[in-house]
Amino acid sequence: MKVLYFAWLRQKIGRGEEAVDLPVAVRTVGELAAWLAARGGGYAEAFADVKRVRAALNQEHVDFAAPVKGGDEVAFFPPVTGG
Amino acid sequence: MKVLYFAWLRQKIGRGEEAVDLPVAVRTVGELAAWLAARGGGYAEAFADVKRVRAALNQEHVDFAAPVKGGDEVAFFPPVTGG
Amino acid sequence: MTVRVQHEDFEPGVEIARLQREDAGAIVSFVGVVRGESHGEKLVSMTLEHFPGMTERELERIAKEARSCWSLQGVSVVHRVGNLKPGERIVLVVTAAAHRRAAFEAAEFLMDYLKTRAPFWKRELRASGEHWVEARGSDDAAAARWKRD
Amino acid sequence: MTVRVQHEDFEPGVEIARLQREDAGAIVSFVGVVRGESHGEKLVSMTLEHFPGMTERELERIAKEARSCWSLQGVSVVHRVGNLKPGERIVLVVTAAAHRRAAFEAAEFLMDYLKTRAPFWKRELRASGEHWVEARGSDDAAAARWKRD
């Protein structure tokens, strides 16, 4: 699975994207966030306040209950501020 | 006093403006309209349905109850259709 | 604040750029275009008559009213008169404000008031002949919704 | 329907003229401009990051939604990314419709949705350093008012 980070999540984690081998225990976007946060360091910082994090699954906005599977593209980012 | 006509009032009356010696009996815009209508012909046609006629006194919208005096400029026209 | 009545065409991009400033984050414009059809007939052309002098004063009054109701950094109103063909620009309103809601509301207010208070009259030339355009009740209703009680 | 994400500037007049047609009597545009101040500090510059691919898809979804809610003859959305200075144009929305109310409402809807759904993020460089812009609750509220129950 491909995981993308934008804005200050990207800065804290120190990269914009990475390939992740999805563990069987991770079935939702929220579980993926928790699993990434458990890596500590910048990941823990990025996901420290999960209320400030939004997600997209295959380029569509989803909430953290959305199911994920291998081959999906998941993006994490702050609330958008364009316009 | 100067009286102006616009749009189809101007066409029916056959002129865009004229100087009028205000009779003492005419004290309001409405009385001026009635007095002009009494001339018959195009004037009678122009003021036949007074609900379709609007007025401006010295370039400000007014209703037919507005008082007029010598030296005023009164304009008669249909509801506006710009924009 | 700019108010102009003119025969010649105007450039929306130029008028928008005039109001572009660092303290105006939002610029809204409205461009009115002569439509090609009226009352189910093809429109040949449209002639706009106005009341010189009162028109400019009335447009200024309306623009001042918008500035008193919303916090605006700029307002421009340009209205053409004379003979216009389908597809031609006829009227332009531009509003600039710090935030978008004020700019949108003020532009809509200006158009609603312009349509019910500015002394312009349209005469259409259609296949069936010349017709003065009748005022629409929907325009009065649109203007009335801005009235405070 | 046009949706573009680009580094270079755009010309509002050109984009408006693209939607000018005989059957679209009303063209509304919104231009967003980088303001010179933020949080009481002078803004040096602003950098816009986005999610390539998803941005375009999201803008297209929002534009389609506008077309399903209002009868529109045309919709254009242009959004810049990269580094921008105060006073520079950042976003453009243009809507064309037969009547002005639809054009105004659709343009405001597009801006409200763009601000809450399109994946753009602003980073400001101010005297005190770099700051990511925080999303505003007022933008969520603005978008929510279009929701049908």
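Quick note on labels: first sequence line is chain A, next is B, and so on, each numbered from 1. This is a predicted model, so every value here is computed, not measured.
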Colleague: Where does the angle between the aromatic ring planes of F6(B) and W121(C) fall among parallel (under 30°), tilted (30 to 60°) and perpendicular (over 60°)?
Modeller: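 Because their plane-to-plane angle is under 30°, the rings of F6(B) and W121(C) count as parallel.
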Colleague: Say you draw a straight line from OG1 of T81(B) to CZ of R123(C); how long is it, rounded to the nearest 0.5 Å?
Modeller: 11.0 Å
Colleague: Nearest 0.5 Å, what's the CH2-CD distance between W8(B) and E49(C)?
Modeller: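 It is 12.0 Å, given to the nearest 0.5 Å.
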Colleague: Given that the side chain runs from C-beta out, which part of E73(B) has a heavy atom under 4.5 Å from chain C: side chain, backbone, both or neither?
Modeller: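 For E73(B), side-chain heavy atoms alone lie under 4.5 Å from chain C.
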Colleague: Would you mind telling me which of Q11(B), R52(B), Q59(B) has the largest number of heavy-atom pairs within less than 4.5 Å of chain C?
Modeller: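 Going by pairs under 4.5 Å, I would pick Q59(B).
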Colleague: From R117(C) CZ over to R54(B) CZ, what is the distance, rounded to the nearest 0.5 angstrom?
Modeller: 14.0 Å
Colleague: Do you know which two heavy atoms are closest between A56(B) and M54(C), and how far apart they sit?
Modeller: CB-SD, 3.5 Å
Colleague: Does atom CD of E134(C) have more than 12 heavy-atom neighbours, drawn from other residues, nucleotides or ligands, at distances under 6.0 Å?
Modeller: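 Not buried by this count: 12 neighbours or fewer within 6.0 Å.
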Colleague: Which pair of non-hydrogen atoms, one from L114(C) and one from G83(B), has the smallest distance, and what is that distance?
Modeller: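 Shortest heavy-atom contact: CD2-CA, 3.5 Å.
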Colleague: For R61(C), is it the side chain, the backbone, both or neither that has a heavy atom under 4.5 Å from a heavy atom of chain B?
Modeller: side chain
Colleague: Which one of R80(C), K115(C), H79(C) has the most heavy-atom pairs closer than 4.5 Å to chain B?
Modeller: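 Going by pairs under 4.5 Å, I would pick K115(C).
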Colleague: If you define the side chain from C-beta out and look only at heavy atoms, does anything of R57(C) sit under 4.5 Å from E60(B)?
Modeller: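 SC-SC contact between R57(C) and E60(B) confirmed.
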